[in-house]
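Computed from a predicted structure; not experimentally measured. Values below: every heavy atom of this structure, side chains too, minus hydrogens, waters and symmetry copies. In the text below, chain A, chain B and the rest are named by the order of the sequence lines, each starting its count at 1.
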There are 2 protein chains.
Amino acid sequence: MVDNSVDLDAVFKALGDPTRRAMLASLKAGPATVGNLAAPHAMTLAGASKHIQVLEQAGLIRCARKGRERLCALEPDPLRAAERWLNHYAAFWSDRLDALEMALGKTEKD
Amino acid sequence: MVDNSVDLDAVFKALGDPTRRAMLASLKAGPATVGNLAAPHAMTLAGASKHIQVLEQAGLIRCARKGRERLCALEPDPLRAAERWLNHYAAFWSDRLDALEMALGKTEKD
DNA sequence: CTGATTGTCAACCATATTGTTGAATGGCTG
DNA sequence: CAGCCATTCAACAATATGGTTGACAATCAG
């Protein structure tokens, strides 16, 4: 029941930005500071900080002060929840690939 | 290579709206018309039509005229691409659950 | 204490998103 | 043809998003 309280809206919205997805990818290597996450992304620190807040609100990362820095780490639960949602579609991935053509031919589906 | 030309930005953005996710869920039962997809979602047909266009642009569905209706069907590739992206994080789902605490304790990660 | 580093906050701008209405299109039906 | 049905288009409004700047708070180093 780990991923019950996950807000898929917030999670998918957060994932819908390449900067944020890149930040998550960076965090696969381990926890990182805000400045660290911001560095590769030609934008101000304030801008990056906002992205990080979006990720944190979505529950995708968790952050905590460490001295004057802020350390952020990946939080896997929401990703798993998203993956689970997508998995409900796994049944389709085998067949049904041309559902549209079939439907166009049949007009009615039994 | 099926899911190569998939725009994850568009896909995740499209998934970041509950109305659109619900529409996709409806389409699991089989192809449906615009009116059909719109029906459960207290909004004008024009509004629903826009959502459907977003889904279509993201490649998540494919639509075609069928007489005076427009028939839409699930297109699984982008969902699979999204799932694949998430899967790069699967390695985390076993351990690393408290990476932040560990990092706070250690300051350096070797 | 002074000053540099790290990050956030508030205000602001430009653009995108979500939704509405009302008119228009395309297609079936009598 | 006339009219209805399903859908889209255009214009608009409200709000959200992504980004900037400049001021501020907190912490570390000397």
Side-chain angles (χ1 to χ4, degrees), chain A residues 7-24 26-27 31-58 60-73 100 103-109, chain B residues 7-24 26-27 30-73 100 103-104 106-108:
Chain A
D7 176 3
L8 278 184
D9 252 45
V11 169
F12 281 125
K13 260 178 210 157
L15 293 179
D17 181 293
T19 301
R20 289 194 288 260
R21 282 202 308 283
M23 285 175 167
L24 290 178
S26 295
L27 288 176
T33 67
V34 172
N36 235 299
L37 290 171
H41 299 292
M43 67 170 55
T44 58
L45 201 54
S49 181
K50 278 195 190 177
H51 280 299
I52 289 168
Q53 283 171 54
V54 170
L55 290 170
E56 198 174 12
Q57 279 244 186
L60 286 161
I61 64 176
R62 205 155 46 93
C63 308
R65 295 294 299 252
K66 166 87 196 222
R68 72 180 143 183
E69 319 186 308
R70 191 168 179 81
L71 214 39
C72 306
L100 186 57
L104 285 173
K106 285 189 63 185
T107 304
E108 295 292 338
K109 57 176 183 69
Chain B
D7 176 3
L8 278 183
D9 253 45
V11 169
F12 280 126
K13 261 178 209 156
L15 293 179
D17 181 293
T19 300
R20 289 193 289 260
R21 282 202 308 282
M23 285 175 167
L24 290 179
S26 295
L27 288 176
T33 68
V34 172
N36 234 302
L37 289 172
H41 299 293
M43 67 171 54
T44 59
L45 203 54
S49 181
K50 278 194 190 177
H51 280 298
I52 289 169
Q53 282 171 55
V54 170
L55 290 171
E56 198 173 11
Q57 279 242 188
L60 286 160
I61 65 176
R62 204 155 46 92
C63 307
R65 296 297 297 251
K66 166 86 195 223
R68 69 180 145 182
E69 319 186 305
R70 191 168 178 82
L71 215 38
C72 306
L100 185 56
L104 285 173
K106 286 189 63 186
T107 302
E108 295 291 338

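In this structure, Asp17(B) places its CG atom 15 Å from C1' of dT17(D), rounding to the nearest Å. Here the P atom of nucleotide dT15(D) and the CG atom of Asp9(A) are 18 Å apart, to the nearest Å. Protein atom CD of Gln57(A) is 13 Å distant from nucleotide atom P of dG18(D), rounded to whole Å. Rounded to a whole Å, the CG atom of Leu71(B) is 14 Å from the P atom of dA6(D). Atom CD in Gln53(B) sits roughly 6 Å away from atom P in dT8(D) (whole-Å rounding). The distance between atom CD1 of Ile52(A) and atom C1' of dC9(C), rounded to the nearest whole Å, is 15 Å. In this structure, Arg70(A) atom CZ and dT27(D) atom C1' are separated by 14 Å, rounded to whole Å. Distance, Leu37(B) CG to dT7(D) C1': 13 Å, rounded to whole Å.
Nearest nucleotide to the Met43(B) side chain, out of dT20(C), dT21(D), dG7(C): dT20(C). In the set dT21(C), dG19(D), dT27(D), dG19(D) carries the atom at the smallest distance from any side-chain atom of His51(A). The side chain of Ser49(B) approaches dT8(D) more closely than any other nucleotide in the set dT8(D), dC28(D), dT8(C). Proximity note for Arg68(A) (side chain, C-beta onward) versus dT21(D), dA4(C), dG26(C): the nearest is dA4(C).
Residue Gly67(A) is classed as a sugar-phosphate contact, given heavy-atom separations below 4.0 Å to backbone atoms only.
Heavy-atom distances to DNA chain D give each of Lys50(A) and Glu69(A) a nearest nucleotide, and the one nearer the 5′ end belongs to Lys50(A). Heavy-atom distances to DNA chain D give each of Lys13(A) and Leu45(A) a nearest nucleotide, and the one nearer the 5′ end belongs to Lys13(A). Annotation: of the two residues near DNA chain C, Gly16(B) and Thr33(A), the 5′-most nearest-nucleotide partner is Thr33(A).
Taking the side chain as every heavy atom from C-beta outward, Arg21(B) and Leu8(A) approach each other to under 4.5 Å. Using a 4.5 Å cut-off on side-chain heavy atoms (C-beta onward), Asp17(B) and Asp9(A) make no contact.
In plain terms, the two heavy atoms of Leu45(A) and Gly35(A) that are nearest each other are CD1-CA, 3.9 Å.
OP1 or OP2 of dG19(D) has not a single side-chain nitrogen or oxygen of Thr44(A) nearer than 4.0 Å.
In this structure a side-chain-to-backbone donor-acceptor pair under 3.5 Å is present from Arg20(A) to Ala14(A). A distance-only check finds no donor-acceptor pair linking the side chain of Arg65(A) to the backbone of Leu71(A) [under 3.5 Å].
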